[in-house]
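Okay, structure first, notes after.
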Amino acid sequence: MTPVEQTPFRFRIERRGVMRVPGVVFATRELLPQAAGDMALEQVANVAALPGIVRASYAMPDVHWGYGFPIGGVAATDVDAGGVISPGGVGFDISCGVRLLAADTDRGRFSPRLRTLMDILGDTIPRGVGRGGLWKLAGRSQMEKLLTGGAEYAVERGHGVPRDLVRCEDHGALPEADPSQVGQRAVDRGLQQVGSLGAGNHFLEVQAVDEVYDTDTAAAFGLRPGQVCVMIHCGSRGLGHQVCTDHVRVMDHSLRAYGISVPDRQLACAPVVSPPGRDYLGAMAAAANYGRANRQLLTQAARHAFATAAGVGLDLVYDVSHNTAKIETHDVDGVPRRLCVHRKGATLALPPGHPNLPEDLTEAGQPVLVPGTMGTASYVMVGTPENDAFLSACHGAGRVWSRHQALRRVRGEQLRGEMEAHGIAVRPSSWRGLAEETPDAYKDIDTVAAATEGAGLARLVVRLVPLGVVKG
DNA sequence: ATGTGC
């Protein structure tokens, strides 16, 4: 698969075979997936075969191989023209996402309290595979309230302040959630996990603003040089995973009934306007709300730790989901169409003036949160009007080594030692998990962020560097 | 990503 270079930041995969639209990869030549056996670009082409897909099958600069769809992929289908929805286009970790909190202190003033803070965070942030969370729900009926209300329900129950919700995508809750489509097994897995990081690339990081590229926009986001921040990256845990599993199975069986053929079974899908499509959309939105409530609970734990360690408060800058399918209206060939926009490892990036922005960010635009790899920088970017990918941007660095490869090359104990030697406090949940997340296993985040700006997807606002990592 | 896998 060799895409054609159109600009230094935009590559095109021409239509052929069953593709209904071309593929467009926003990347530099060096960021294109190149590892032997990495099928990400083939996946971009496969996605272009989905019924109802419009304009192009897109990939962000952090694109890499995923389940059916590439991670870092964006695909929109026309809801009113037989367009499909696919669980593989959202991913197993539904509404995995990132939130950024800004502390009312700066790096120099805070540094004497950092170690104490990290110890408290290390003791109080639930993390690791299969373990429990901060908020045990009473049973299915309370779970249904959470699946409907998302972060709003968490705040209503005292886990946060109303201002938090203003700074959450969709005010913290997708309205199309249908808890009745979340199976009992998914509910059971989720009851004990609200307020937990999970594992893999999930983390809670204490960071500092290292560089400011756009002072006015940074100020509008509440960010200034040297400021201490907290970045939380987590998803919908076992509940989201089970929702994906359950609905992939249903759609795999219903493909024939809708006369859909896809080049890869992992692209199982159904028309958005069909019982399996509607059911998945409702279950996916419910799981997304679970992910948002999860980040809200972890926010409260971070606030408690900062208050205890240093008497410092934390304000929410923004919360974005980067694994979703959402019904949005966009122009296609100059005509507004209702589209089902799949963003898998890609975030929404609203430009200045967009009606869905919180009032106090209307002039500035949406904060686009781009977490780096453990021990490396992270970025806050902002949406731009010239975004050509249904207002989507990258979601992080993007893997280049498999977990298996990382384990062969790196030892967790040694990695922690190296990070501590660089002045970054590390509180891991397992040595193996730490080794799998070695920065060497990922693309360089500085390059990815620069390519995202070069492609016109979003603009750089600030660069953050880690002071301490609580690892899932 | 995931009570980690054909």
Side-chain angles (χ1 to χ4, degrees), chain A residues 40 43 62-73 86-98 126-133 136-137 143 182-204 232-249 252 265-266 268 283-284 286-288 290-292 294-295 298 320-325 342-347 371 373-374 395-408 412 428-438 441-442 470-472:
Chain A
Q43 293 187 317
D62 49 338
V63 62
H64 60 285
W65 194 6
Y67 177 88
F69 289 59
I71 296 162
S86 172
V90 173
F92 275 82
D93 194 3
I94 296 165
S95 189
C96 181
V98 183
R127 56 198 190 279
V129 179
R131 291 179 225 160
K136 318 275 185 246
L137 301 184
M143 175 63 89
V182 177
Q184 191 56 43
R185 209 164 160 195
V187 168
D188 289 341
R189 287 180 70 172
L191 284 173
Q192 310 282 313
Q193 295 186 322
V194 187
S196 65
L197 281 180
N201 63 356
H202 292 159
F203 63 74
L204 184 152
I232 299 170
H233 178 203
C234 66
S236 50
R237 304 294 328 273
L239 182 138
H241 193 275
Q242 193 65 47
V243 164
C244 183
T245 303
D246 293 347
H247 288 262
V248 162
R249 187 178 301 121
D252 188 52
R265 261 180 88 170
Q266 294 183 353
M284 188 278 306
Y290 183 96
R292 284 133 182 229
N294 190 21
R295 289 192 286 279
L298 290 167
V320 292
S321 296
H322 53 223
N323 282 7
T324 57
H342 301 75
R343 294 188 185 87
K344 179 185 189 177
T347 82
T373 309
M374 180 177 62
H395 86 306
R399 234 178 209 286
V400 286
W401 290 357
S402 69
R403 297 189 175 281
H404 190 74
Q405 278 174 297
L407 284 178
R408 275 204 317 247
S429 73
S430 79
W431 294 125
R432 177 180 171 169
L434 202 67
E436 287 177 351
E437 292 300 316
T438 176
Y442 285 83
V470 180
K471 200 71 194 77

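Owing to the predicted nature of the structure, the values given are computational and were not obtained by experimental measurement. Note that these values count all heavy atoms, side chains included, but never hydrogens, waters or copies made by symmetry. Residue numbers start from 1 in every chain, and the chains themselves are labelled A, B, ... in the order their sequence lines are given, proteins ahead of strands.
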What is the distance from [atom1] of [X] to [atom2] of [N], rounded to the nearest Å?
| X | N | atom1 | atom2 | value |
| --- | --- | --- | --- | --- |
| A:Gln193 | B:dT2 | CD | P | 8 Å |
| A:Asp93 | B:dT4 | CG | C1' | 14 Å |
| A:Asn323 | B:dT2 | CG | P | 11 Å |
| A:His241 | B:dT4 | NE2 | P | 10 Å |
| A:Arg432 | B:dT2 | CZ | C1' | 13 Å |
| A:Glu436 | B:dT2 | CD | P | 12 Å |
| A:Trp431 | B:dT4 | CH2 | P | 22 Å |
| A:Tyr290 | B:dT2 | OH | P | 11 Å |

Q.
Using heavy-atom distances to pick each residue's nearest nucleotide on DNA chain B, tell me which of A:Val129 and A:Glu437 is more 5'.
A. A:Glu437
Quick one: label [X] by what it contacts on the DNA or RNA (base, sugar-phosphate, nothing), any heavy atom closer than 4.0 Å.
| X | answer |
| --- | --- |
| A:Gly238 | sugar-phosphate |
| A:Arg237 | sugar-phosphate |
| A:Arg185 | base |
| A:Gly198 | sugar-phosphate |

Q.
For A:Gly66, is there any backbone N or O sitting under 3.5 Å from a side-chain donor or acceptor partner on A:Gln43?
A. yes
**Q.** Test log, rule side-chain hydrogen bond (donor to acceptor under 3.5 Å, both in side chains), inputs A:Ser196 and A:Arg131
**A.** CA-CA 8 Å; A:Ser196 65; A:Arg131 291 179 225 160; over 6 Å; no
(Q) Please confirm whether the ring centroid of A:His233 lies under 6.0 Å from the ring centroid of A:His322. (A) yes
Q: Quick one: list whatever passes side chain to side chain contact (heavy atoms under 4.5 Å, CB included) with A:Leu204, sequence neighbours left out.
A: A:Leu121, A:Ile125, A:Leu197, A:Val230, A:Ile232, A:Ala302, A:Val470
